[in-house]
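The next block holds one structure in the form of structure tokens; read it before the comments.
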Amino acid sequence: MKSKELKEMVFQSIKKLGSCTKKEYLVDVVNTAIKQGKVTKEFIIQISSIGFQAQSLKREGRIVIDNPNDCECGKCAAGSIHGLNTKTFYWSIA
């Protein structure tokens, strides 16, 4: 599997799931690869760069990081510091 294929799989997963975390799109990418019979040694090696693929899609402007907070300060998660401490990002299509 090439890096470009994995990046497209990440994009399609985020598109299908809507706003989702890295864990959610990672699970979807793995499930999709299993269904398509693409789980090979190369896939397993490439999956380690899945976060880089999402960052690359973000730089291309294809996906964005959603702010799951109700407050616009960017430091809280609806009045708590949960979002700041966990650094949970929600990805979605731009």
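One distance of note links CG of Asn31 with CD of Gln36; it measures 11.0 Å at 0.5 Å rounding. Interatomic distance, Arg62 CZ to Lys15 NZ, rounded to the nearest 0.5 Å: 9.0 Å. From Tyr25, atom OH reaches atom CE of Met9 across 13.0 Å, with rounding to the nearest 0.5 Å.
Shown here for Ile63 and Phe11, the closest heavy-atom pair between the two residues is CG2-CD1, 3.9 Å. Residues Ile14 and Ser92 approach most closely at CG2-CA, 3.6 Å, considering heavy atoms. Here the shortest heavy-atom pairing between Ser13 and Val29 reads OG-CG2, 3.4 Å. For Gln46 against Ser3, the heavy-atom pair with the smallest separation is OE1-CA, 3.6 Å.
Taking 4.5 Å as the limit, every side-chain heavy atom of Glu24 sits out of range of all side-chain heavy atoms of Asp28. Within the 4.5 Å cutoff, the side chain of Lys16 has heavy atoms near those of the Thr32 side chain. Using a 4.5 Å cut-off on side-chain heavy atoms (C-beta onward), Lys58 and Ile65 make contact. A heavy-atom distance below 4.5 Å is found between the side chains of Ile47 and Leu26.
Of the possible polar contacts, none joining the Ser49 side chain to the Phe52 backbone as a donor-acceptor pair under 3.5 Å is found.
A single hydrophobic cluster is not seen to contain both Val27 and Ile50; linkage of ILVMFWY side chains at heavy-atom distances under 4.5 Å, directly or through other members, places them apart. Hydrophobic cluster membership differs between Leu17 and Val64, with clusters built from Ile, Leu, Val, Met, Phe, Trp and Tyr side chains linked at under 4.5 angstrom.
With respect to Glu8 and Lys2, no salt bridge is recorded, no charged nitrogen being found less than 4.0 Å from a carboxylate O.
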Q: Verify salt bridge (charged side-chain N to carboxylate O under 4.0 Å, His left out) between Lys7 and Glu60, making sure each step is shown before the conclusion.
A: CA-CA 11 Å; Lys7 183 170 28 174; Glu60 293 172 8; 2.7 Å; yes
